[in-house]
Amino acid sequence: EVQIVESGGHWVQPGGSLRLSCVTSGFTFEDYAINWFRQVPGNERERVGCIIMGDDRRYFDPFVKGRFTISRDNAKKTVHLQMDSLKPEDTAVYYCAQDSLFPRCRINWYLTHLYDYWGQGTQVTVSS
């Protein structure tokens, strides 16, 4: 059974940093891509980044590029999202997602129904 569990969300002041974790199980970690999404109530989920486990390539969306990074811990089957220089507009619930049929980072990431495994999300709040 595939399981994805996010953690690490918290309140932080603007300019601060947080590291989110995405612990996975139930699939071969190195065979897939792990995506980070976020969602604000009333809005669609948007992808912030993706890592292809097979070749370690990473992609970030423009509004977080240069501020967010992704790292991995193969032994713990965990992907981390390091978020620096946080802004109030980064406030959202952050999710991990995996598409079991596509092992790379999708160009059409906005087709969120294609991702068949999601975590429960972790809340990030950036405010003073």
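All heavy atoms count here, side chains included; hydrogens, waters and symmetry mates do not.
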Within-4.5 Å side-chain heavy-atom neighbours: Arg47 and Cys105
yes

Rounded to the nearest 0.5 Å, what separates atom CG in Leu101 from atom CG in Asp116?
6.0 Å

Flag the pair Arg106 / Asn35 as yes when at least one side-chain heavy-atom distance between them is below 4.5 Å, and no otherwise.
no

Among the clusters formed by ILVMFWY side chains lying less than 4.5 Å apart, do Tyr59 and Phe102 turn up in the same one?
no

Tell me whether the count of non-hydrogen atoms from other residues, nucleotides or ligands lying under 6.0 Å of CD in Glu44 goes above 12.
no

For Trp36 and Ile51, what are the C-alpha separation, side-chain angles and deciding distance, and is it a side chain to side chain contact (heavy atoms under 4.5 Å, CB included)?
CA-CA 9 Å; Trp36 281 99; Ile51 177 170; over 6 Å; no

Taking salt bridge (Lys or Arg N to Asp or Glu O under 4.0 Å) as the definition, give me every residue that meets it alongside Asp31, ordered by chain and number, with sequence neighbours left out.
none

What is the minimum heavy-atom distance between Pro14 and Ser128, and which atoms define it?
CD-N, 3.7 Å

Kindly compute the distance separating CD1 (Ile34) from CD1 (Ile70), expressed to the nearest 0.5 Å.
9.5 Å

Quiz question: by atom type and distance under 3.5 Å, do the side chains of His80 and Ser21 form a donor-acceptor pair?
yes

Find out whether Leu86 and Phe68 are in side-chain contact, i.e. whether some heavy atom of one side chain is under 4.5 Å from a heavy atom of the other.
yes

For the pair Trp11 (side chain) and Val126 (backbone), establish whether a donor and an acceptor sit closer than 3.5 Å, ignoring hydrogens and angles.
no

Ion pair Asp55/Arg104, N-O distance below 4.0 Å
yes

Determine whether Met83 and Tyr94 make a side-chain contact, defined as any pair of heavy atoms from C-beta on separated by less than 4.5 Å.
yes

Let me confirm one number: the NZ-CD1 distance from Lys77 to Ile4, rounded to the nearest 0.5 Å.
12.5 Å

Sequence-distant partners of Glu30, side chain to side chain contact (heavy atoms under 4.5 Å, CB included), two or more places apart:
Thr28, Arg72, Asn74

Could you give the distance from CD (Glu46) to CG (Asp61), rounded to the nearest 0.5 Å?
7.5 Å

So CG of Leu18 and CG of Asp84: to nearest 0.5 Å the spacing works out to 9.5 Å

Set out, in order, the CA-CA distance, both residues' side-chain angles and the distance that settles side chain to side chain contact (heavy atoms under 4.5 Å, CB included) for Thr24 and Phe29, then state yes or no.
CA-CA 8 Å; Thr24 72; Phe29 188 64; 3.4 Å; yes

Mind checking what makes side-chain hydrogen bond (donor to acceptor under 3.5 Å, both in side chains) contact with Thr112, not counting sequence neighbours?
none

Ignoring hydrogens and angles, tell me if any N or O in the side chain of Thr122 forms a donor-acceptor pair with the backbone of Glu6 under 3.5 Å.
no

Contacts of Asp90 that satisfy salt bridge (Lys or Arg N to Asp or Glu O under 4.0 Å) - sequence neighbours left out:
Arg38, Arg67

Tell me whether Val5 shares a hydrophobic cluster with Leu20, the cluster being built from Ile, Leu, Val, Met, Phe, Trp, Tyr side chains joined at under 4.5 Å.
no

With Lys76, which residues qualify under side chain to side chain contact (heavy atoms under 4.5 Å, CB included), at least two apart?
Asp73, Thr78

For Leu111, the hydrophobic cluster (side chain heavy atoms closer than 4.5 Å, chained through members) also holds Phe37, Val93, Tyr95, Trp109, Tyr110, Leu114, Tyr115, Trp118

Distance, nearest 0.5 Å, that separates CZ of Phe60 from SG of Cys50:
9.5 Å

With no hydrogens and no angle check, is any side-chain donor or acceptor of Arg58 less than 3.5 Å from a backbone partner on Ile52?
no

Please assess Ser17 against Gln82 for the test side chain to side chain contact (heavy atoms under 4.5 Å, CB included), listing each intermediate value before the final yes or no.
CA-CA 7 Å; Ser17 297; Gln82 177 67 39; 3.9 Å; yes

Start with the C-alpha distance between Gln98 and Phe27, add both sets of side-chain angles, then the distance that settles side chain to side chain contact (heavy atoms under 4.5 Å, CB included), and finish with yes or no.
CA-CA 10 Å; Gln98 186 235 58; Phe27 62 94; 3.1 Å; yes

Mind checking whether Val124 and Thr91 have side chains closer than 4.5 Å, heavy atoms only?
no

